[in-house]
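Take a look at the structure set out below.
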Amino acid sequence: MSSTVLIIDDDDVVHFMHETLLKISGIKLPVRSFLNGKQALDYLVNNCQENGKYLLLLDINMPEMNGWQLLDELQKRELHCTIKVIILTSSVDSEDHLKAKKYSRVIDFIEKPLTTEHLETLKASAQYMLLS
């Protein structure tokens, strides 16, 4: 069984910050970074194995394939791995919060920037992915 955190955001600085914060928080899972939903979808389609577990830290607004489009694609496909999503976005639009609740894979909605409180949520989610 393998567990991996995927950071999906179109900002390289965000990738660096989030990877650093994950390490500081003690999360010991491998981390992969993608600049848009299309890259992440291709990775999941090609690497999703029956016992694999993926925790996605997903931005909403990205070029090529945004977060909503990725979630829609994941719903359409029958992938044989566990995928849980934490939306991590700068959006403060209440409609985005409501929309996120419609996706069964979304377990949390966090507004950027990450805080120490958010890190505890991420750590708990990562530990859940390891143990379940």
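The structure presented is a predicted model; accordingly, all values stated were derived computationally and were not measured.
- Under the 4.5 Å side-chain heavy-atom criterion for grouping Ile, Leu, Val, Met, Phe, Trp and Tyr, Tyr43 is connected to Leu74 within one hydrophobic cluster.
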Query raised in the report: Could you walk me through whether Ser33 and Glu19 pass the side-chain hydrogen bond (donor to acceptor under 3.5 Å, both in side chains) check?
Result: CA-CA 9 Å; Ser33 294; Glu19 283 184 46; 2.8 Å; yes

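- Residues Cys81 and Gly52 share a closest heavy-atom pair of CB-O, 3.3 Å.
- Under the 4.5 Å side-chain heavy-atom criterion for ILVMFWY residues, a single connected hydrophobic cluster contains both Val31 and Leu57.
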Requested in this report: Let me see the working for Asp11 and Lys112 under salt bridge (Lys or Arg N to Asp or Glu O under 4.0 Å), right down to the final yes or no.
Outcome: CA-CA 12 Å; Asp11 187 335; Lys112 294 179 193 174; over 6 Å; no

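- What you find for Glu64 and Gln69 is that their closest heavy atoms are O-OE1, 4.0 Å.
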Report task. Apply the test side chain to side chain contact (heavy atoms under 4.5 Å, CB included) to residues Ile8 and Leu88: give CA-CA distance (whole Å), side-chain angles for both, the deciding distance (0.1 Å), then the verdict. Result -> CA-CA 9 Å; Ile8 308 162; Leu88 187 55; over 6 Å; no

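- The main-chain N or O of Cys48 is never found under 3.5 Å from a side-chain atom of His80 such that the two would form a donor-acceptor pair.
- Linking Ile, Leu, Val, Met, Phe, Trp and Tyr whenever their side-chain heavy atoms come within less than 4.5 Å leaves Leu35 and Ile87 in two separate clusters.
- The aromatic rings of Tyr103 and Trp68 lie parallel to each other, their planes meeting at an angle below 30°, with 60° marking the opposite boundary.
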Report task. Would you sort out whether Thr20 and Lys23 count as a side chain to side chain contact (heavy atoms under 4.5 Å, CB included), showing the intermediate values? Result -> CA-CA 5 Å; Thr20 302; Lys23 287 177 188 171; 5.9 Å; no

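- Closest heavy-atom contact between His15 and Phe34: CE1-O, 3.0 Å.
- Here the side chains of Phe109 and Thr89 are in contact, with some heavy-atom distance below 4.5 Å.
- For the pair Leu44/Tyr54, a side-chain contact is recorded, criterion being any heavy-atom separation below 4.5 Å from C-beta on.
- Shown here for Val45 and Arg77, the closest heavy-atom pair between the two residues is CG2-NH1, 3.7 Å.
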Query raised in the report: What do the steps show when you test Met65 against Leu41 for side chain to side chain contact (heavy atoms under 4.5 Å, CB included), and what is the final call?
Result: CA-CA 9 Å; Met65 179 184 281; Leu41 179 63; 3.9 Å; yes

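- Here the CG atom belonging to Leu22 is positioned 11.0 Å from the CE atom belonging to Met17, to the nearest 0.5 angstrom.
- Here CG of Leu79 is found 10.0 Å from CD of Glu73. Values are rounded to the nearest 0.5 Å.
- For the salt bridge (Lys or Arg N to Asp or Glu O under 4.0 Å) test, no residue two or more places apart in sequence or in another chain qualifies with Arg105.
- The side-chain heavy atoms of Leu58 and Leu71, taken from C-beta on, include a pair separated by under 4.5 Å.
- Heavy atoms only, all atoms of each residue included: Asp59 and Met62 are closest at O-CE, 3.3 Å.
- Here the straight-line distance linking atom CD of Glu95 with atom CG of Leu98 works out to 5.5 Å at 0.5 Å rounding.
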Query raised in the report: Are Thr4 and Leu29 close enough, and set up right, to give a side chain to side chain contact (heavy atoms under 4.5 Å, CB included), and what steps lead you there?
Result: CA-CA 6 Å; Thr4 305; Leu29 296 176; over 6 Å; no

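- Rounding to the nearest 0.5 Å places NZ of Lys99 at 10.5 Å from OG of Ser91.
- Checked for salt-bridge contact, Asp72 and Lys76 miss the test: no charged N lies under 4.0 Å from a carboxylate O.
- No single ILVMFWY cluster, assembled from side-chain heavy atoms under 4.5 Å apart, contains both Val14 and Ile110.
- You'll find the side chain of Asp10 stays beyond 4.5 Å of the side chain of Asn36, heavy atoms only.
- Atom CD1 of Ile86 sits about 5.5 Å away from atom CG of Asp108, to the nearest 0.5 Å.
- Atom CD1 of residue Ile83 and atom CG of residue Leu55 lie 11.0 Å apart, to the nearest 0.5 angstrom.
- Ala40 and Leu70 get closest at one heavy-atom pair: CB-CD2, 4.3 Å.
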